[in-house]
*Asks:* 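Okay, handing you the structure first.
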2 protein chains.
Amino acid sequence: MKLSEAKAQFISSWGAFGTHWGINRTMAQIHALLLISPDPITQDDIMEQLNISRGNVNMNTRELISWGLVERVLIPGERREFFTAEKDIWKVATQIIKERKKRELDPMLKLLGQLEQIDGDKKDKNVKQFVDTVGGIRKFGGQADKMLDVMIKADENWFLGSLLKFFK
Amino acid sequence: MKLSEAKAQFISSWGAFGTHWGINRTMAQIHALLLISPDPITQDDIMEQLNISRGNVNMNTRELISWGLVERVLIPGERREFFTAEKDIWKVATQIIKERKKRELDPMLKLLGQLEQIDGDKKDKNVKQFVDTVGGIRKFGGQADKMLDVMIKADENWFLGSLLKFFK
DNA sequence: ATTTATTTTCAATAAGTTTTGAAAATTCAA
DNA sequence: TTGAATTTTCAAAACTTATTGAAAATAAAT
């Protein structure tokens, strides 16, 4: 297989993959393109390689930046802005985990905590099932939360870092 | 807070949560409703409680069944079919992990393996970056795959089960 | 065998999301 | 400043996905 063909396949399937994870196709494709580009590239490069409009590139690169996965870089003597992606997959993964935890898991756990405080007869099986379910999810979510914190901190902590090295 | 109010909030936010995970809102809402229902309920109950059409309930319950999260139950003397959800959150989570692994991770790893075999000069930085990126993702994905297998098997294995009990 | 209850299907439609592209804003250089 | 290059914005259009509802299929009861 030639590089150009492999590239196209990688970008396309990374895009499809993204849609199963709440990420829009184009954003994932831009990310894929940046991951396999050795040097920083411009808006126009992205437009050309993915056949998408300027506005689309602009919105999605901003979103990737807000996720901490992509950076703007200034090339001396160049007027235009260039983009580059973090290439260390471990860092990419922890960054995504960190953001999703903050955006989704933490607020959900907060809500579940509130929902557990309903008033009602604990002998009513409807009340009991509700409290049990919500409690169960909150407990499970709390454990997941702690586990993810460990993973996120691994990079910043020598001991955990060496412990988890074999995963890299 | 009253039960009815808490129920509505739980269903609505579980639905919103689902959309961030590639699950459609209604499917997640039906799942939420079943999770907090102590007894099996009918299509009509779901239609009424969530204000959705019969066809919609039908499609989404089938989908939940195909994910192994919901079961049809036959109530003696009843003509209609009833639905009930697995209530053990640990089982729900491992079931979801199992399915997503099968549907998404495994095929992705297969593809990445193929993409690594491109022909081209390894000294070309474009080729090098491509191979490094794809290789890195594949390696990471492979580790995640193994880790998930451990989690999934925990329920079927006494030793791992007791090891992971504290997470439950 | 016929009626009645219930479930399933799927074309049409509605709702939601993404993309475009051109105008406005910004940035830099002369 | 002014003008050219570049980036940003956002309303409208295109596209994608979810939902409806009524007809067809199936299953149970008489």
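In what follows, every chain begins at residue 1, and chains take the letters A, B, ... in the order their sequences are listed.
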*Asks:* Would you tell me whether B:D45 and B:T42 have side-chain atoms, one donor and one acceptor, within less than 3.5 Å of each other?
*Replies:*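 Indeed, the side chains of B:D45 and B:T42 share at least one donor-acceptor pair under 3.5 Å.
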*Asks:* Check side-chain hydrogen bond (donor to acceptor under 3.5 Å, both in side chains) between A:Q43 and all other residues, then give those that pass, not counting sequence neighbours.
*Replies:*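 Scan of A:Q43 (side-chain hydrogen bond (donor to acceptor under 3.5 Å, both in side chains), adjacent residues dropped) gives A:R54.
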*Asks:* List, by chain and number, the other hydrophobic cluster members for A:V73, where Ile, Leu, Val, Met, Phe, Trp and Tyr join if side-chain heavy atoms come within less than 4.5 Å, directly or indirectly.
*Replies:*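 A:I75, A:F82, all in the cluster of A:V73.
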*Asks:* Would you please name every residue forming a salt bridge (Lys or Arg N to Asp or Glu O under 4.0 Å) with A:K125, sequence neighbours left out?
*Replies:*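 Counting only residues at least two positions away or on another chain, A:K125 forms a salt bridge (Lys or Arg N to Asp or Glu O under 4.0 Å) with B:D39.
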*Asks:* Does a side-chain N-to-carboxylate-O contact under 4.0 Å join B:D145 and B:K101?
*Replies:*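 Yes, charged N to carboxylate O under 4.0 Å.
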*Asks:* Counting only non-hydrogen atoms, which of residues 69-82 of chain B are less than 4.0 Å from DNA chain C?
*Replies:*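 Within residues 69-82 of chain B, the residues near DNA chain C are B:R72, B:R79, B:R80, B:E81.
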*Asks:* Under a criterion of less than 4.0 angstrom to any heavy atom of chain A, what are the 5'-terminal and 3'-terminal contacting nucleotides of DNA chain D?
*Replies:*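 Contact span on the strand: D:dA4 to D:dT9.
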*Asks:* What residues form a side-chain contact (heavy atoms from CB on, under 4.5 Å) with A:I89, not counting sequence neighbours?
*Replies:*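 For A:I89, the residues satisfying side-chain contact (heavy atoms from CB on, under 4.5 Å) (neighbours in sequence not counted) are B:I137, B:F140.
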*Asks:* Write out a two-atom table: protein N or O, nucleotide N or O from nucleotides 15-21 of chain C, distance below 3.5 Å.
*Replies:*
{"from": "C:dT19", "atom 1": "OP1", "to": "A:T26", "atom 2": "OG1", "distance (Å)": "2.4"}
{"from": "C:dT19", "atom 1": "OP2", "to": "A:T26", "atom 2": "OG1", "distance (Å)": "2.9"}
{"from": "C:dT19", "atom 1": "OP2", "to": "A:N56", "atom 2": "OD1", "distance (Å)": "3.4"}
{"from": "C:dT19", "atom 1": "O5'", "to": "A:N56", "atom 2": "ND2", "distance (Å)": "3.4"}
{"from": "C:dT20", "atom 1": "OP2", "to": "A:S53", "atom 2": "N", "distance (Å)": "2.7"}
{"from": "C:dT20", "atom 1": "OP2", "to": "A:S53", "atom 2": "OG", "distance (Å)": "3.0"}
{"from": "C:dT20", "atom 1": "OP2", "to": "A:N56", "atom 2": "ND2", "distance (Å)": "3.1"}

*Asks:* Residues in side-chain hydrogen bond (donor to acceptor under 3.5 Å, both in side chains) with B:E71, at least two apart?
*Replies:*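 Per chain and number, B:E71 pairs via side-chain hydrogen bond (donor to acceptor under 3.5 Å, both in side chains) with no residue.
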*Asks:* Report yes if some heavy atom in the side chain of B:I52 is under 4.5 Å from a heavy atom in the side chain of B:I30; otherwise report no.
*Replies:*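 In contact.
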*Asks:* Strictly below 4.0 Å, N to O, side chains only: are A:K87 and B:D132 in salt-bridge contact?
*Replies:*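 Result for this pair is no, no salt bridge flagged.
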*Asks:* Kindly write out the residues that satisfy salt bridge (Lys or Arg N to Asp or Glu O under 4.0 Å) with A:E78, not counting sequence neighbours, or none if the list is empty.
*Replies:*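 By the salt bridge (Lys or Arg N to Asp or Glu O under 4.0 Å) rule, A:E78 matches A:R80.
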*Asks:* I need the full list of salt bridge (charged side-chain N to carboxylate O under 4.0 Å, His left out) pairs touching residues 6-24 of chain A, with sequence neighbours left out, sorted by first then second residue.
*Replies:*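 Pairs touching residues 6-24 of chain A that pass the test: none.
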*Asks:* Report the residues that fulfil side-chain hydrogen bond (donor to acceptor under 3.5 Å, both in side chains) with A:Q9, sequence neighbours left out, ordered by chain and then residue number.
*Replies:*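 Partners of A:Q9 by the side-chain hydrogen bond (donor to acceptor under 3.5 Å, both in side chains) criterion come out as none, since no residue qualifies.
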*Asks:* Quick check on contacts: within residues 30-45 of chain A, what sits under 4.0 Å from DNA chain D by heavy-atom distance?
*Replies:*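 Hits under 4.0 Å, by residue number: A:Q43.
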